[in-house]
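Below is one structure, written out as structure tokens, with a few remarks after it.
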Amino acid sequence: MLSIVVGKIHFSIAHIIISIWILGIIVSAFLLLFHYYRLHRLIHQFPAAQDMVALSQFDRILKERHFASSRFRVKESSALSSPFVTGFIHPVIVVPTLALSEKEWYYILSHEAAHYLHGDTLYMLLIELLRVIFWWNPLFYLFRRKIGIYMEESADLLATEHLNAIEKMEYLECLVKVAKQSIHNPLLSYTGLAFDGYAKSELMQRYRSVMASIDTPKTSQKKHGQYGFIAMMLLVTFLSYSIIIEPDSQPVNEPNTFSIPTEGSYAIKAGDSLYELYIDNTYIGTFEDPANLPDIPIYEKEDLP
């Protein structure tokens, strides 16, 4: 096994790699908790939403989805320009101070509620915990981004599944309107536990997904296909740990130990703690501890002829 020697301490390459991996897990976990704490501390400071139009439309959504209103909290912030949802047991929807119509609030809040209805907040928690473990794997970051886009598309499809073609077009116009006013908040990306799908690249894919649903109203098959792809990507990530690259040629087995015959062997004391080993009158080398040798004679140098 390859190793690195520092002084008298030997470090194997495997131990070094495992140590770096564990250190990365600790750092990644700390950063996740730190950003999660910052986000929820920020949300805690936001006041409850006061926009009666937005609240009335949200109550309508809860009744349609058969959710208890006490399960959700709706907060408002002038510091943010796009809505987002976060939380697992008691989710929080944060809405910006935008001038939207009743229909526009209905479309936007339907999308945020769909994330919770579909269990996306729990999925994202699992993905972020896996990211802490697979922090070193660039494939996982690619999969994480793809998963986020698929969740946004699925929330769109769930929010628009009972809308007709004209209403779906209005829904898309509303997304574009909000996106034009949105300013990307890096804190939401750092945690990965809040949904903020109004970036330009994500919005284009969401737009195409809803447009496709106008021609193909059945969304359940697409949603299942998306999450099947998510499962496949995670499986590939896990399987990357089972791949072992071996060298083309087998290493030559060289002996690193030998046995000392008791017959024809002897040692000569060359110093206070240094001994010379001879086998059949041939000098072999020096050693310090005679206790590890078999029962062979040890001579003083002055006793030799």
Side-chain angles (χ1 to χ4, degrees), residues 21-22 24-46 62 65 67-68 70-75 77 80 82-95 109-159 184-199 202 205-206 223-241:
W21 177 48
I22 293 175
I25 290 175
I26 294 172
V27 172
S28 298
F30 172 79
L31 290 175
L32 176 63
L33 292 174
F34 173 71
H35 291 304
Y36 180 81
Y37 169 76
R38 282 187 60 196
L39 175 64
H40 279 263
R41 185 180 178 186
L42 183 66
I43 292 174
H44 183 71
Q45 296 173 352
F46 292 156
L62 294 179
R65 300 293 182 180
F67 272 126
S70 59
R71 178 173 293 184
F72 284 88
R73 288 178 294 163
V74 182
K75 295 204 168 188
S77 171
L80 300 175
S82 60
F84 68 89
V85 60
T86 186
F88 318 116
I89 300 175
H90 297 289
V92 179
I93 295 178
V94 179
V95 296
L109 293 174
S110 291
H111 175 85
E112 302 304 329
H115 276 305
Y116 183 78
L117 178 65
H118 207 257
D120 289 346
T121 53
L122 289 176
Y123 284 129
M124 287 306 296
L125 173 61
L126 173 61
I127 291 168
E128 288 305 301
L129 292 177
L130 290 175
R131 182 179 64 83
V132 169
I133 300 172
F134 300 122
W135 62 267
W136 57 272
N137 193 333
L139 280 178
F140 189 83
Y141 290 91
L142 174 63
F143 295 165
R144 176 174 172 255
R145 181 175 177 274
K146 290 290 186 182
I147 290 169
I149 294 174
Y150 281 135
M151 286 184 177
E152 291 294 342
E153 292 181 8
S154 291
D156 287 329
L157 295 175
L158 189 60
H184 180 63
N185 191 329
L187 183 59
L188 302 183
S189 298
Y190 291 153
T191 60
L193 299 175
F195 292 90
D196 178 31
Y198 291 92
E202 296 178 358
Q205 295 192 51
R206 294 173 61 186
K223 284 186 288 186
H224 290 157
Q226 288 175 347
Y227 281 88
F229 182 63
I230 289 173
M232 181 189 71
M233 290 192 298
L234 290 176
L235 179 62
V236 170
T237 304
F238 284 127
L239 289 179
S240 67
Y241 279 80

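Position 1 is the first residue of the sequence, and the numbers go up from there. Any value given below was found using the heavy atoms of this structure, including those in side chains, with hydrogens, waters and symmetry copies removed.
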Is there side-chain contact between [X] and [Y], with at least one heavy-atom pair below 4.5 Å?
{"X": "Tyr141", "Y": "Phe134", "answer": "no"}
{"X": "His40", "Y": "Thr86", "answer": "yes"}
{"X": "Thr121", "Y": "Met124", "answer": "no"}
{"X": "Glu112", "Y": "His115", "answer": "yes"}
{"X": "His35", "Y": "Glu128", "answer": "no"}
{"X": "Phe84", "Y": "Ile43", "answer": "yes"}

[X]: which residues meet the side-chain contact (heavy atoms from CB on, under 4.5 Å) condition with it, sequence neighbours left out?
{"X": "Leu129", "result": "Leu125"}
{"X": "Ser77", "result": "Phe46, Ala79, Leu80, Val94"}
{"X": "Leu117", "result": "Arg65, Phe67, Leu158"}

Check salt bridge (charged side-chain N to carboxylate O under 4.0 Å, His left out) between Arg145 and all other residues, then give those that pass, not counting sequence neighbours.
->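 With sequence neighbours excluded, Arg145 shows a salt bridge (charged side-chain N to carboxylate O under 4.0 Å, His left out) to no residue whatsoever.
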Rounded to the nearest 0.5 Å, how far does [atom2] of [Y] lie from [atom1] of [X]?
{"X": "Leu142", "Y": "Ile147", "atom1": "CG", "atom2": "CD1", "result": "9.5 Å"}
{"X": "Leu122", "Y": "Tyr116", "atom1": "CG", "atom2": "OH", "result": "7.5 Å"}
{"X": "Leu139", "Y": "Phe143", "atom1": "CG", "atom2": "CZ", "result": "5.0 Å"}
{"X": "Asp156", "Y": "Gln205", "atom1": "CG", "atom2": "CD", "result": "11.5 Å"}

What closest approach, in Å, do [X] and [Y] show between heavy atoms, and which atom pair accounts for it?
{"X": "Phe140", "Y": "Ile127", "value": "CZ-O, 3.5 Å"}
{"X": "Ala155", "Y": "Ala114", "value": "O-CB, 3.6 Å"}
{"X": "Trp135", "Y": "Ser28", "value": "CB-OG, 3.4 Å"}

Keeping the roles fixed (side chain from Trp21, backbone from Ile133), state whether a donor-acceptor pair exists under 3.5 Å.
->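 Looks like yes, one N/O pair under 3.5 Å.
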